[in-house]
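In what follows, a structure is listed as structure tokens, so that the remarks can point back to it.
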Amino acid sequence: MVGCLRLTGWTDVVDAPEAALLDVAQQYSPRVTWAGPRTLLADLQGLERLFGDPRTLGESLRGSLADRGLQVHVALAPTCTTARLVAAARAGLSIVPPAEQAAMLAALPIDLLKTLTTPPSANDATPSDRPPARFYRTSPVSDILRARRRARTAMDDRGTLDGITPERLETFRRWGLRTLGDLAALPAADLAARLGPDGPRLQALARGEDAGPLVPLVPEERFETTLALEWPIDGLEPLSFVLGRLADPLAAHLDRRGRAASVLHVDLRLVTREVWQRRLELPSPIKDARTLRTLALLDLESHPPPAAVDAVTLRVDPTPAPTLQHSLLERARPAPEKVSTLVARLSALMGERRVGSPVLLDSHRPDAFQMTGFAPSSAPPSAPMPPSAPMPPSPPLPLSPQASLRRFRPHVVAAVTAEDGRPTRLRVSRPDLPGGRVETSAGPWRSAGEWWTTTAWDHDEWDVALDDGTICRLSRDRRDCPSRSAGIRRRA
């Protein structure tokens, strides 16, 4: 049995009438759904064992709504369509037994079909609101999806989903149809021949038949755990036990739903009535309780709360749990939980901006880079070369040794003696590096930029050849006096 609750009015003390209607309906049945503006459907099957006959159940439901200050038409019927039509036509409480369904619907006016318009759900989004499907152009699945979207767009253009359009209603009036019984009595084949698919669909609605089952509302699922402490705690050691106690049920909830955490939130309510909030972007989806506790604890170690804590909340942003597939052609990689824990420990030890993957910047500044989050690539291994394929020829070996430049990071400070603006002697504080008289020199080459930022640079560079055959590149910061040995190259 299905109950339809059609909200028609409410008292002044009711702030949110639709929320109150939903709250009362969910007290009787968890399977409820919105069927239209201020119209709610509830699956009441099996409640006769608690309330007795359907009329007693309807009176109890109507009384609960009246206590909340709501004026509602209540209809109990075998199908959703019948309950909606009767609730729109009759005030008060209406009970439709299965044996009297056809007779009761036959007397209702045909204009009631306009009340069967169903609001579009999130799953019935328009093509512009839905991301395109990733299929090949020649895939038959893409053709099916495009056909369904065209049909949905055409239905939306008519301005209705389940009800009747004004043009179709005017057609029925010209035919002399005044009640739902008149429409239900027409031959189905002749109706389909004249109206197409709309004819049998509207006739089924006039007979009280449902186009599909009742789909209940699915409440938004929150992955969150909270623990209120009897006594405030101050320190990371007692807080670690609390985080472990919260992470265990949270990880179990994620595992049951096939989800993993992409973002971890830690909210600490302090004794000062303030909330200390921390947000951790996880490099990979994680659902391990021990890893979540460790990551939260390491972050709080770097950012401790300013006062004692009397309540702890741990929540995550869920994402589909990844499926790890190992390969026989490449070396096994560490688990994402271990990588995340290692990165968190290094960040707590060295600082957040000192841990990650270096990425070169598009800048003329020498050695310009920035640190980004560590995310190892998951590229598939390259296909092995078949045994029958010929080996590519190896490049020829050079006839003479090639000179190479060894670059020092950080730079080595050097003392340079200059005459007439050109270096003549080089002295380095490190004993393993050469120094001496400069035979030849070339330069200077000036490089400067980003003078408007804190990372401005202004350098003069020289290439010098020493008396022992060593070639060095010297770099002088024009904002400072000392010279620096940027690189050294030994002549063979």
Consider only side-chain N and O atoms of [X] and [Y], and report whether a donor and an acceptor are under 3.5 Å apart.
| X | Y | answer |
| --- | --- | --- |
| Asp299 | Ser302 | no |
| Trp457 | Ser447 | yes |
| Thr313 | Glu224 | no |

Measuring only between side-chain heavy atoms, which start at C-beta, is [X] closer than 4.5 Å to [Y]?
| X | Y | result |
| --- | --- | --- |
| Tyr28 | Ser64 | yes |
| Arg68 | Val14 | no |
| Leu292 | Leu243 | no |
| Ser94 | Val74 | no |
| Val428 | Val412 | yes |
| Leu57 | Leu76 | yes |
| Thr225 | Val312 | no |
| Leu236 | Leu297 | yes |

I'd like to know if the side chain of [X] reaches the main chain of [Y], judged simply by a donor and an acceptor atom lying under 3.5 Å from each other, with no hydrogens or angles considered.
| X | Y | result |
| --- | --- | --- |
| Arg446 | His459 | no |
| Thr79 | Gly208 | yes |
| Thr33 | Leu41 | no |
| Gln45 | Met1 | yes |
| Arg31 | Ser29 | no |

Pick one: which of [options] meets side chain to side chain contact (heavy atoms under 4.5 Å, CB included) with [X]?
| X | options | result |
| --- | --- | --- |
| Leu268 | Val275, Leu239, Asp310, Val242 | Leu239 |
| Leu205 | Thr82, Leu116, Leu85, Asp210 | Leu116 |
| Leu40 | Leu7, Val24, Leu21 | Leu21 |

What is the minimum heavy-atom distance between [X] and [Y], and which atoms define it?
| X | Y | answer |
| --- | --- | --- |
| Phe241 | Glu237 | CD1-O, 3.1 Å |
| Leu264 | Ala296 | CD2-CB, 4.0 Å |
| Pro98 | Pro78 | CA-CG, 3.7 Å |
| Glu450 | Ala456 | O-CB, 2.9 Å |
| Pro232 | Ala308 | CB-CB, 3.9 Å |

- Message: Show, in sequence, the C-alpha distance, side-chain angles and deciding distance for Thr294 and Thr291, and conclude whether the side chain to side chain donor-acceptor pair (under 3.5 Å) test is met.
- Response: CA-CA 5 Å; Thr294 303; Thr291 304; over 6 Å; no
- Pick from Arg278, Arg315, Arg279: which one makes a salt bridge (charged side-chain N to carboxylate O under 4.0 Å, His left out) with Asp267? Arg315
- By ring pair (Phe, Tyr, Trp, His ring centres under 6.0 Å) - contacts of His253 (at least two apart): Phe223
More than 12 non-hydrogen atoms from neighbouring residues, nucleotides or ligands closer than 6.0 Å to [atom1] on [X], yes or no?
| X | atom1 | answer |
| --- | --- | --- |
| Trp452 | CH2 | yes |
| His364 | NE2 | no |
| Glu221 | CD | yes |

